[in-house]
Each structure stands twice: as C-alpha cells, then as structure tokens.
Amino acid sequence: MIDGRVAILGVGTMGEAILHGLRSGSDPLPRGSVRGTVRNANRATELSKKLKVAVGTDNVGAVASASVVIVSLKPINVVRVLGEVAAAGALDHGPLIISIAAGVRTEEIEAVVGPKCPVVRAMPNTPCAIGRGTIVLTGGRRAKKKHLTVAHSIFRPLGETLELEERHFDTVTGLSGSGPAFGYLMVEALADGGVMMGLPRDVAIRLASRTLLGAAEMVLATGAHPAALKDEVTTPAGCTIAGILALEDGKIRSTLARAVERAASCAAGLGKSK
Ligand SMILES: NC(=O)c1ccc[n+]([C@@H]2O[C@H](COP(=O)([O-])OP(=O)(O)OC[C@H]3O[C@@H](n4cnc5c(N)ncnc54)[C@H](OP(=O)(O)O)[C@@H]3O)[C@@H](O)[C@H]2O)c1
C-alpha cells in the first residue's frame with residue numbers, strides 16, 4: 001500500500017511504536033525504506049542500533065525523497081520543524097504528511113507545508129506499542145480517499161483504526177489519547193483495594209487488569225449498554241451493588257467524565273506558543 005520511502009520525524013514513544021508497526025505485520029516495509037529523526041545525535045545512534053533502521057538528526061535529508069512523512073514531534077515543534085523542511089525545498093515533491101500531534105489542526109500544517117502536500121491527522125494511543133491501540137484518522141482539505149487508505153494501512157498493525165471529522169479531535173485526544181493513563185489509575189486503585197484486603201500486589205494488579213480488560217471486551221462483544229451489563233451483575237442486597245454505591249459516593253462517573261472534558265480542553269491549547 002505504501003509506495004516509496006517513509007520518514008518519521010520524532011522517533012520518541014509514539015514514533016517508535018509506529019516504526020515498529022511499519023516493520024512488522026503481513027506486509028512489512030524493508031529496512032531501507034524507513035528513516036527516522038530525533039533531536040539528539042547520541043539518541044539517534046542508539047535508536048539506529050536498536051531499531052536497525054537509519055535514525056539521524058537531519059530532517060531535511062530524511063523527508064527529501066520520502067513519499068510519506070509521519071510527524072510524531074511534540075505539538076509545540078510541529079509547525080517550526082515542518083516550516084524548516086519546507087523552506088529547504090524538501091517537501092516540493094508533495095509527500096503525504098501524517099501528523100499525530102495533539103491539538104495541531106490540519107489547516108495549520110497545510111499552511112506551512114505548501115500546496116502540494118496532502119495532510120492526514122491521526123490520534124493514536126500508547127497501547128499501539130503492543131498492537132492494541134485505537135487510532136482515529138481525519139483528512140485535511142487536500143487529502144483524498146487514497147491518502148486515508150495509506151494512513152489506515154500504516155496504523156492498522158498498531159490497533160483499530162477509524163475515521164472521524166476533525167472537529168472531534170480534541171475530544172478524541174481527551175478520551176482515547178489520554179485514556180490509557182486513566183485506565184492505569186483505575187487498575188492501580190482496584191489493585192490497592194485487593195492489597196488492602198490481603199492479596200499480594202502482583203496478583204492484585206493482574207486481577208484488576210484482566211477484570212477491566214474483560215469488562216471492556218464484554219461491552220464491545222455484546223454491543224450492550226454498559227449500564228445494562230452492570231444491572232445484570234448487581235444482585236439485590238449483594239456485594240457488587242454495595243461496591244457500586246461506594247463508587248457513586250466518590251462521584252466516579254462525573255470525575256471520569258470531567259477528566260475527559262479537562263484533557264480535551266487542554267488538548268485544544270497544545271501546539272500554541274505561550
Ligand atoms: N504519548 C502519547 O500517549 C501520545 C498519544 C497520542 C498522540 N501523541 C502525540 O505524539 C507526539 C509525540 O509524542 P511522544 O509522547 O512520542 O513524544 P516524545 O517521546 O517526547 O517524542 C518526541 C520526539 O521528537 C524528537 N524531536 C524533538 N525535536 C526534534 C527535531 N527538531 N527534529 C527531529 N526530532 C525532534 C525527540 O528527540 P529526542 O529524543 O532526541 O529529544 C523525540 O524523540 C506528540 O505530538 C503527541 O501529541 C502522543
């Protein structure tokens with residue numbers, strides 16, 4: 001599906017996961033077809049050895065003959081770095097630009113990369129590192145169906161891909177982008193409860209993790225509303241409803257919903273210089 005070379009600007013946490021996805025799956029990109037960049041030269045050397053692909057610090061050289069440029073820089077660096085490579089003429093051949101930066105809109109990227117480059121925006125999450133991510137995609141003004149198809153093929157080895165309108169992207173960032181961290185907090189808190197009641201820590205973490213995983217899979221597999229599944233397991237005068245009332249006393253629903261709201265509002269401000 002990908003015709004030509006891929007450059008990844010910013011091989012950090014997410015860039016590394018994407019690179020790994022490109023080099024695995026049923027149709028892996030050959031080693032010589034991927035180039036990455038970072039800021040720090042020592043880190044570039046380490047990554048080249050570890051990932052067995054060329055990682056350097058030369059953004060212009062990396063994108064010059066790439067047909068796809070994946071931008072996984074911190075939001076604050078995106079427009080500046082793309083502006084530098086565009087000014088050097090390295091985007092004149094019109095590669096597809098795929099940005100995963102939170103809060104940076106396609107029109108901001110289109111304005112800096114010039115009229116030849118189609119732009120796709122993606123919002124992945126960290127479970128991409130184990131192929132269990134969720135990746136939401138949207139196309140900018142110049143992106144056609146074929147460009148979104150390329151983006152799907154890049155991210156599919158990393159998890160489930162879906163398309164949404166760009167107006168939802170800050171919300172997606174607050175929900176599925178930040179959400180894994182909210183999940184880790186829930187796993188830790190449930191495990192603390194188990195430890196408090198005498199379970200060894202490792203057993204408590206395993207039980208908590210598998211329980212949340214199973215509950216999420218029940219929602220997806222049955223298509224049932226989570227409230228209906230909850231009602232099914234709450235016996236009158238039973239222990240589950242007792243636990244649920246304790247959660248309600250702690251305002252767990254509004255706390256989680258507000259966490260998404262706050263993270264989404266914060267995402268809207270990313271990429272803007274202060
Ligand atoms: N992490 C998440 O959960 C998540 C989820 C969804 C979306 N995102 C988005 O993904 C993007 C990357 O996040 P991350 O967590 O992967 O960040 P990260 O680990 O800090 O990676 C950023 C990378 O950019 C490199 N870099 C900095 N300046 C550069 C330059 N001028 N030229 C080339 N490379 C440069 C850094 O290099 P050095 O290592 O040498 O400093 C680093 O490798 C962000 O825009 C974020 O919004 C992240």
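For ligands, and for the atoms within them, numbers begin at 1 and follow the listed sequence.
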**Student:** If you look at every heavy atom in Thr173 and Ala102, which pair is closest and at what distance?
**Tutor:** CG2-CB, 3.8 Å
**Student:** Show the nearest heavy-atom pair for residues Ala122 and Phe169, with the distance to one decimal.
**Tutor:** C-CE2, 3.9 Å
**Student:** Test salt bridge (Lys or Arg N to Asp or Glu O under 4.0 Å) on Glu110 and Arg141 and set out the steps.
**Tutor:** CA-CA 8 Å; Glu110 284 164 351; Arg141 276 177 307 166; 3.1 Å; yes
**Student:** Could you check whether any side-chain heavy atom of Leu22 comes within less than 4.5 Å of a side-chain heavy atom of Ile8, counting everything from C-beta outward?
**Tutor:** yes
**Student:** Please report the shortest heavy-atom distance between Ala17 and Leu158, naming the atom on each side.
**Tutor:** O-CD2, 3.3 Å
**Student:** Do you know which two heavy atoms are closest between Val113 and Leu82, and how far apart they sit?
**Tutor:** CG1-CD1, 4.0 Å
**Student:** With a 4.0 Å heavy-atom cut-off, what residues sit around ligand 1?
**Tutor:** Gly10, Val11, Gly12, Thr13, Met14, Thr37, Val38, Arg39, Asn40, Arg43, Asn59, Ser72, Leu73, Lys74, Pro75, Asn77, Val81, Ile100, Ala101, Ala102, Met123, Pro124, Thr126
